[in-house]
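In the text below, chain A, chain B and the rest are named by the order of the sequence lines, each starting its count at 1. Computation of the quantities below employed the complete heavy-atom set of this structure, encompassing side-chain atoms and omitting hydrogens, waters and symmetry-equivalent molecules.
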Amino acid sequence: MNFITEATVKAVKHLYNTDITAADINLQETRKEFEGQVTIVTFPFTKFSKKSPEQTGNEIGEFIQNDLKEVSAFNVIKGFLNLSITDAYWIDQLYNDILSKGFAVAEPNGKRVMVEYSSPNTNKPLHLGHVRNNLLGFSVAEILAAAGYEVIKSNLVNDRGIHICKSMLAWQRFGNGETPESTGMKGDHLVGKYYVIFDKEYKKQIEELKAAGQTEDEAKKNAPIIKEAQEMLQQWEAGNEAVISLWKTMNTWVYTGFAETYRKLGVTFDKFYYESDTYLLGKDIVDEGLEKGVFFKKDDGSVWIDLTSEGLDEKLVLRSDGTSVYMTQDMGTAQLKYNDYHMDKSIYVVGNEQDYHFKVLFTILKKLGKDGADGLYHLSYGMVDLPSGKMKSREGTVVDADDLMEEMEQKAKEQTEAKGKINEFGEEEKQQLFHMIGMGALKYFLLKVDPKKRLLFDPAESVELEGHTGPFIQYTHARIKSVLRKAKITNNNVTVDKLAAEELDLILTLTQFPVIIQTAAEGYSPAIVANYVYELAKTYNKFYQVCPIIQVEDEAVKQFRLQLSAASGKVINKAMKLLGIEVPERM
RNA sequence: GCACUUGUAGCUCAAUUGGAUAGAGCACCUGACUACGGAUCAGGAGGUUAGGGGUUCGACUCCCUUCAAGUGCACCA
């Protein structure tokens, strides 16, 4: 729509002798109830036109209509100038833009971005909250790549700390040598089982101590099992061979399990960082900060930064005993990542309970004048709630990722078999399809909501395959493919005299796709893509209902509609790919 | 208590970033196929955009305020 903007700039210059830029022009799609396809909001121009909005609109409209052969008519309603663009222009858009190879393929913008997501703890399996994180991270990475960035997907694995020692200790104590092989359990689930066992035992001991007269706080500190876990952590840090060996063994179980979950989720990573490697980093940055006067040292030796002038608090960056805290580590890891990749932007996909932490971290790095500090962004997302309330691991109300995916596939299987359209599929082909549909439902359900909002996960609604869902869009794709199987495209450039309203709508929607990608990339929001592709599928279905394709007699019209269908299928496929969702040929 | 986030139809979500009469899906009613795929389409009903003020040609969107929900405010990660 650049040519409209240019003509508007020209019109304003000519009529009112005022220079404006493209940014001053508010272009939007014309609302359905009015004539035209493109609308210019002319209220802002009245400042220098010194005329009523209507008169201003008419003058600009007249100028543009004379200036551009593509503009066939215009009308003005209040401060809205609606332009009608010729069918010939839209048909040309279909062939030379939408159906061209380069459509919605952004030029590389020469910028590199890292998206860090997933970042699991290695003491328990992934749950629904992680699923939201993983899908968001993966999709944002795809969208950024489509918008022209070079993308590195990274995963910072939290593989050390007291929580890991808890699982290790409980396994040592109560495990009887169980392994994933001996039990047939997925490794991450097995380790998670012992994390739960630890917690049970810990609670039991707390109760015992309380019964013996200790306060809650005392009991929590003095329970023998927690002391043992702490001791184990110290041994781990001291490099005790037996502890390290157990740690390696159990972590390997977990990684094998995670790899399976990631594979099913369809997410991938280019680079893994491990906290066992990075937890000591950042101390040199503390020194640097002290030198630069950004940090200060208290009498007890602890190091702080004063952020009260930024509206934040004082924050500890190094303990009085010289050991690191979370912040120290994250400063060091940020530096490490930057040294590795020199990226222009660095996205952290982390839940919104850490908003404050990242605000502080980014402020510190900026104050230190670190390279890349301006490109830091916390993609903060809301928690996932269940209809019964919050997910709590200790109360066993978490939704396990593996179980969830299994259920979704099962539901997809039932529904698909009931339709009976894929009876000739082989067994493996069927399984793939069920997985595709089940995951399509799950992914779409989680991604269609604005990331920053809390998400209510209603299991009954999530397995729904009708309405505003992933399978609805997949179905539309399968339907298009079915049409294209039955009638072949033989003419690649056929034209028609006049477009039906539904055809025009469809082309208009299709042309928006590149803009949608850019908007989604700027806002780090898969939801924008998700809502767009739903709109597109609906628009296609409407077209499909009203406009016969194969049955139409006029061969030119038939060919044109086939092309339009092919274009729709292509864009649906691409858009869904940005969400990490596959679309089937039939279902 | 302080800070941040959120609040839109009965429910789950949109709204081109300040634009026209706030749109979809689910649920509820009414219609459309012996088929170009009905996992679809057309229509009906459903709203004081949490409440109240303000800013302006124009406010779900910006500002102030009240209310409600969530999260954070460790020498934990």
Colleague: Identify the pairs formed between an N or O of the protein and an N or O of nucleotides 59-61 of chain B at a distance under 3.5 Å, and give each distance.
Modeller:
none

Colleague: Just wondering, do Tyr544(A) and U40(B) stack (centres under 5.5 Å, planes under 30°)?
Modeller: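 No, Tyr544(A) does not stack on the base of U40(B), since the centre distance and plane angle fail the 5.5 Å and 30° test.
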Colleague: Does A3(B) have Tyr356(A) stacked on its base, where the ring centres are within less than 5.5 Å and the planes differ by under 30°?
Modeller: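 Stack criterion not met.
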Colleague: Less than 4.0 angstrom between a side-chain N/O of Lys78(A) and OP1 or OP2 of G58(B), yes or no?
Modeller: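 Answer is no, no contact under 4.0 Å.
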Colleague: Sequence neighbours left out, what passes side-chain contact (heavy atoms from CB on, under 4.5 Å) with Lys453(A)? Give chain and number order.
Modeller: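 Once residues adjacent in sequence are excluded, the partners of Lys453(A) under the side-chain contact (heavy atoms from CB on, under 4.5 Å) criterion are Val449(A), Asp450(A).
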Colleague: Rounded to the nearest angstrom, tell me the gap between atom CG in Asn121(A) and atom C1' in C76(B).
Modeller: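 Value for this atom pair: 12 Å.
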Colleague: Under 3.5 Å between N/O atoms: give me all the protein pairs with nucleotides 28-31 of chain B, atom names plus distance.
Modeller:
none

Colleague: G25(B) P sits how many Å from Asn541(A) CG, rounded?
Modeller: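 It works out to 12 Å between those atoms.
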Colleague: For A74(B), take OP1 and OP2 only and decide whether either is under 4.0 Å from a side-chain N or O of Arg319(A).
Modeller: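 So the side chain of Arg319(A) is outside the cut-off, no N or O lying under 4.0 Å from OP1 or OP2 of A74(B).
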Colleague: Return the set of residues passing side-chain contact (heavy atoms from CB on, under 4.5 Å) with Phe34(A) (not counting sequence neighbours), or none when no residue passes.
Modeller: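 Phe34(A): side-chain contact (heavy atoms from CB on, under 4.5 Å) contacts with Thr30(A), Arg31(A), Ile77(A), Asn82(A).
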Colleague: At a heavy-atom distance below 4.0 Å, what parts of residues 408-416 of chain A sit against RNA chain B?
Modeller: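 Those residues are Thr416(A).
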Colleague: Can you give me the N/O atom pairs linking the protein to nucleotides 12-15 of chain B at distances under 3.5 Å, or say none if there are none?
Modeller:
residue	atom	partner	partner atom	Å
C13(B)	OP1	Leu456(A)	N	3.3
A14(B)	OP1	Asp450(A)	N	2.7
A14(B)	OP2	Lys453(A)	NZ	2.9

Colleague: Between Phe543(A) and Tyr540(A) (judged by ring centroids, cut-off 6.0 Å), do the two rings come close enough to count as a pair?
Modeller: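 Between Tyr540(A) and Phe543(A), which both carry aromatic rings, the centre distance is below 6.0 Å.
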Colleague: For A39(B), take OP1 and OP2 only and decide whether either is under 4.0 Å from a side-chain N or O of Lys421(A).
Modeller: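 Checking A39(B) against Lys421(A), a side-chain N or O does come within under 4.0 Å of OP1 or OP2.
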Colleague: Applying salt bridge (charged side-chain N to carboxylate O under 4.0 Å, His left out), which residue pairs with at least one partner in residues 523-543 of chain A are found, sequence neighbours left out?
Modeller: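 Non-adjacent pairs meeting salt bridge (charged side-chain N to carboxylate O under 4.0 Å, His left out): zero.
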Colleague: To the nearest Å, give me how far apart CZ (Arg479(A)) and P (C33(B)) are.
Modeller: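 Rounded to whole Å, this separation is 16 Å.
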Colleague: Can you find a side chain N or O atom of Lys315(A) that sits less than 4.0 Å from OP1 or OP2 on A74(B)?
Modeller: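 For A74(B), neither OP1 nor OP2 has a side-chain N or O of Lys315(A) closer than 4.0 Å.
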Colleague: Phe80(A) on top of G19(B)'s base, within under 5.5 Å and under 30°?
Modeller: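 It does not: the ring fails the test against the base of G19(B).
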Colleague: Tell me, please, which residues at least two apart from Tyr532(A) pass ring pair (Phe, Tyr, Trp, His ring centres under 6.0 Å).
Modeller: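 Only Phe513(A) meet the ring pair (Phe, Tyr, Trp, His ring centres under 6.0 Å) criterion with Tyr532(A).
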Colleague: Not counting sequence neighbours, which residues clear side chain to side chain donor-acceptor pair (under 3.5 Å) with Thr56(A)? List them please.
Modeller: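 Residues passing side chain to side chain donor-acceptor pair (under 3.5 Å) with Thr56(A): Ser49(A).
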Colleague: For His435(A), enumerate each residue passing the side-chain contact (heavy atoms from CB on, under 4.5 Å) test, keeping only those at least two apart in sequence or located in another chain.
Modeller: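 With sequence neighbours excluded, His435(A) shows a side-chain contact (heavy atoms from CB on, under 4.5 Å) to Lys264(A), Glu409(A), Met439(A), given in chain and number order.
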Colleague: Looking at G37(B), I'd like to know if its phosphate oxygens (OP1 or OP2) sit under 4.0 Å from a side-chain N or O belonging to Arg485(A).
Modeller: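 Arg485(A) to G37(B) OP1/OP2: no side-chain N or O under 4.0 Å.
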Colleague: Mind checking side-chain contact (heavy atoms from CB on, under 4.5 Å) for Lys413(A) and listing every partner two or more places apart, or none if nothing turns up?
Modeller: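 In terms of side-chain contact (heavy atoms from CB on, under 4.5 Å), with neighbours along the sequence ignored, Lys413(A) is linked to Gln410(A), Glu417(A), Phe434(A).
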Colleague: Measure CG/Asp385(A) against C1'/G70(B) and give the value in whole Å, please.
Modeller: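 It works out to 8 Å between those atoms.
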Colleague: Between Asp355(A) and Lys298(A), which has a closest nucleotide on RNA chain B that is more 5'?
Modeller: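 Closer to the 5' end of RNA chain B: Asp355(A).
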Colleague: Determine which pairs satisfy side-chain hydrogen bond (donor to acceptor under 3.5 Å, both in side chains) with at least one residue from residues 547-561 of chain A, sequence neighbours left out, and list them in order.
Modeller: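 Only Thr490(A)-Gln559(A), Glu503(A)-Arg561(A), Glu555(A)-Gln559(A) qualify under side-chain hydrogen bond (donor to acceptor under 3.5 Å, both in side chains).
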Colleague: Please state how far atom NZ in Lys359(A) lies from atom C1' in C2(B), giving the value in whole angstrom units.
Modeller: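 To the nearest whole Å, that distance equals 13 Å.
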Colleague: Look at the side-chain N and O atoms of Tyr326(A) and state whether any lies under 4.0 Å from the OP1 or OP2 oxygen of A77(B).
Modeller: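 Answer is no, no contact under 4.0 Å.
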